[in-house]
Asks: 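The structure follows.
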2 protein chains.
Amino acid sequence: MKTVLSAPRRAVRGRGEGAEARIVRSIGEAIADRRLAPGTKLAEESLAEVFGVSRERVRKVLLLLAQRRVVTLIPNRGAFVAKPTAREAREVFEARRVIERAVVEALDRNPRPLPDEMSAKLRAHLAREEEADRAGDRMSLIRLSGQFHLLLADFAGNATLAGILADLIDRSSLAIAAFERRSSHSCSATEHRRFVEALESGPPGAAMRLMMEHLDEVERQLDLDARSDGAVDLKSVFADRT
Amino acid sequence: MKTVLSAPRRAVRGRGEGAEARIVRSIGEAIADRRLAPGTKLAEESLAEVFGVSRERVRKVLLLLAQRRVVTLIPNRGAFVAKPTAREAREVFEARRVIERAVVEALDRNPRPLPDEMSAKLRAHLAREEEADRAGDRMSLIRLSGQFHLLLADFAGNATLAGILADLIDRSSLAIAAFERRSSHSCSATEHRRFVEALESGPPGAAMRLMMEHLDEVERQLDLDARSDGAVDLKSVFADRT
DNA sequence: CTGGTCCGTTTTGTGCACAATTCGTGGCGA
DNA sequence: TCGCCACGAATTGTGCACAAAACGGACCAG
């Protein structure tokens with residue numbers, strides 16, 4: 001019997017079983033962090049070179065990401081960072097409200113005060129968000145903001161639901177990247193803190209209201225008017241130009 | 001310019017662009033219909049032969065199905081029809097309650113009477129279910145039962161949420177296949193009819209209550225005790241045997 | 001009869017080569 | 001100058017061959 005159970009033969013960088021998962025995470029995070037804008041082409045060869053793996057492996061990864069709707073696969077054209085339509089964006093946020101409502105309901109059923117571990121982790125997370133906010137680290141802030149919602153889902157104890165929400169959060173990031181208004185940004189960190197405080201010591205239902213308002217607020221910061229969707233109306237774009 | 005836009009070069013059986021989607025559907029339905037029991041091995045070569053395609057294509061299909069948690073991929077061992085744990089089964093049903101609550105809420109916000117098209121489609125579907133029930137066509141009944149819930153989600157107008165629910169319904173089928181009690185079966189068709197009637201002419205909230213009871217009922221027909229999960233306790237199994 | 005090891009067969013995993021398609025460029029004619 | 005066509009380069013799609021691993025049975029020792 002082999003004595004080594006974990007971390008078997010993984011000497012070569014980029015190889016090994018977990019390589020695909022690593023690349024999926026890597027690309028997924030790059031998209032969530034908005035370092036890859038919607039519509040960006042993801043050429044197989046380039047990615048293969050970047051990650052030091054063969055093209056087929058990249059191909060597999062792209063297929064997985066396409067399944068999660070974070071990448072769009074166009075036959076004979078290649079893979080592109082998904083560019084959600086306004087309708088899809090609205091649907092994603094609606095879906096999030098549906099799921100997160102259930103999450104918060106479950107959390108709000110916890111006896112007060114909250115379990116120590118939960119409280120501690122939430123507050124630790126808030127601290128990191130606020131730190132990123134102070135430092136002006138916008139990228140970290142975006143990622144942490146998503147992780148906050150995921151953390152809540154984990155506490156709700158339904159891994160299936162949490163997995164679904166994880167996908168929806170990634171797609172939210174895409175929607176935000178695609179439809180964010182130029183000027184705007186209310187601080188998620190602040191709203192998250194208020195939510196946690198309501199969860200810990202607010203009246204029943206207060207946390208829920210804050211969460212719904214938070215999600216509404218995030219969606220409201222997007223420009224989801226019909227014209228943003230599909231083909232742009234060139235006439236109106238150049239209307240008042242000479 | 002080519003004159004043929006649809007169905008281009010698809011002469012050879014099994015080829016063409018839509019081949020993968022067809023195979024995914026085919027296998028997915030076989031699983032949902034419980035003609036493929038949980039744990040069944042899905043050998044690549046066999047499937048390739050059955051569907052008349054190359055092995056790599058089958059491989060791709062299996063990867064997609066694995067992503068939907070309807071198939072489990074074990075490295076160097078192959079693909080198997082997923083066998084959910086009791087915990088996962090509970091989570092799936094909980095997730096369905098969360099999503100279907102939202103669906104029914106949306107539907108219940110429709111003005112009475114319901115739009116003609118919706119009402120007609122629902123009643124047509126009920127008729128098909130009852131027909132299958134009378135004919136004792138258990139397989140059709142199972143499939144139609146799932147489609148009923150999906151139909152409701154479609155009417156709710158959120159394709160994203162409907163897509164998520166579609167996955168959950170497939171996984172419900174797996175859970176039922178894995179945990180169904182020997183003796184038991186309340187008729188879904190009857191409960192579906194009552195639900196539609198409540199939606200069409202019942203007081204507000206009645207439809208919701210029926211739907212939640214329906215989902216509870218379906219789950220209650222499963223044997224989700226801890227012992228069914230994971231390794232069986234041989235001691236208790238053979239306790240009163242000589 | 002139990003337990004273990006070895007080896008052949010079967011099945012899965014991976015890289016490579018080539019086919020097919022698309023896109024960009026340049027030439028040609030009106 | 002504009003439009004069209006064709007050709008070439010680059011990129012994606014697919015089959016194939018081989019490598020790697022697991023399964024099953026035979027064989028053997030205790």
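Here is the naming used below: chain letters follow the sequence lines, and residue numbers restart at 1 for every chain.
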Asks: With a cut-off of less than 4.0 Å, is there a side-chain N or O of B:R77 near OP1 or OP2 of C:dT11?
Replies: no
Asks: Can you tell me if A:S54 touches the phosphate of C:dG15, counting only side-chain N or O atoms and a distance under 4.0 Å to OP1 or OP2?
Replies: yes
Asks: Kindly determine whether A:R96 and A:E219 satisfy salt bridge (charged side-chain N to carboxylate O under 4.0 Å, His left out), including the steps that lead there.
Replies: CA-CA 11 Å; A:R96 278 190 63 169; A:E219 184 176 357; over 6 Å; no
Asks: Taking everything shown except B:R69 itself, do over 12 heavy atoms lie less than 6.0 Å from its CZ?
Replies: no
Asks: Give the rounded distance in Å between these two atoms: CZ of A:F80 and C1' of C:dC23.
Replies: 11 Å
Asks: Rounded to whole Å, please give me the gap between CG in A:L63 and C1' in D:dT14.
Replies: 15 Å
Asks: Could you tell me how far apart B:R57 (CZ) and D:dT14 (C1') are, to the nearest whole angstrom?
Replies: 7 Å
Asks: Under 4.0 Å between any heavy atoms, over every strand shown, what does B:K60 touch: base, sugar-phosphate, or nothing? Just pick one.
Replies: nothing
Asks: Nearest whole Å is fine: how far is D:dT11 C1' from A:K41 NZ?
Replies: 6 Å
Asks: Between D:dT12 atom C1' and A:N76 atom CG, what is the distance in whole Å?
Replies: 6 Å
Asks: Which pair of heavy atoms, one from A:E20 and one from A:V61, lies closest together, and at what distance?
Replies: O-CG2, 3.9 Å
Asks: Nearest heavy-atom pair of A:L144 and A:A132: which atoms, and what distance?
Replies: CD1-CB, 4.1 Å
Asks: Once you apply a heavy-atom cut-off of 4.0 Å, does B:R59 come out as touching a base, just sugar-phosphate, or nothing?
Replies: base
Asks: Start at the 5' end of DNA chain D and walk down; is the nucleotide closest to A:E56 or to A:A79 reached first?
Replies: A:A79
Asks: Check the distance between C:dG13's C1' and B:E45's CD and give it to me in whole angstrom.
Replies: 14 Å
Asks: Mind calculating the distance between CD (A:E49) and C1' (D:dA10) to the nearest angstrom?
Replies: 15 Å
Asks: Has the side chain of B:R55 got a donor or acceptor atom sitting under 3.5 Å from an opposite partner on the base of C:dG13?
Replies: yes
Asks: Any idea which heavy atoms bring A:L150 and A:L165 closest together, and the distance?
Replies: CD1-C, 4.5 Å
Asks: What is the separation between atom CD on B:E44 and atom C1' on D:dC16, rounded to the nearest whole Å?
Replies: 15 Å
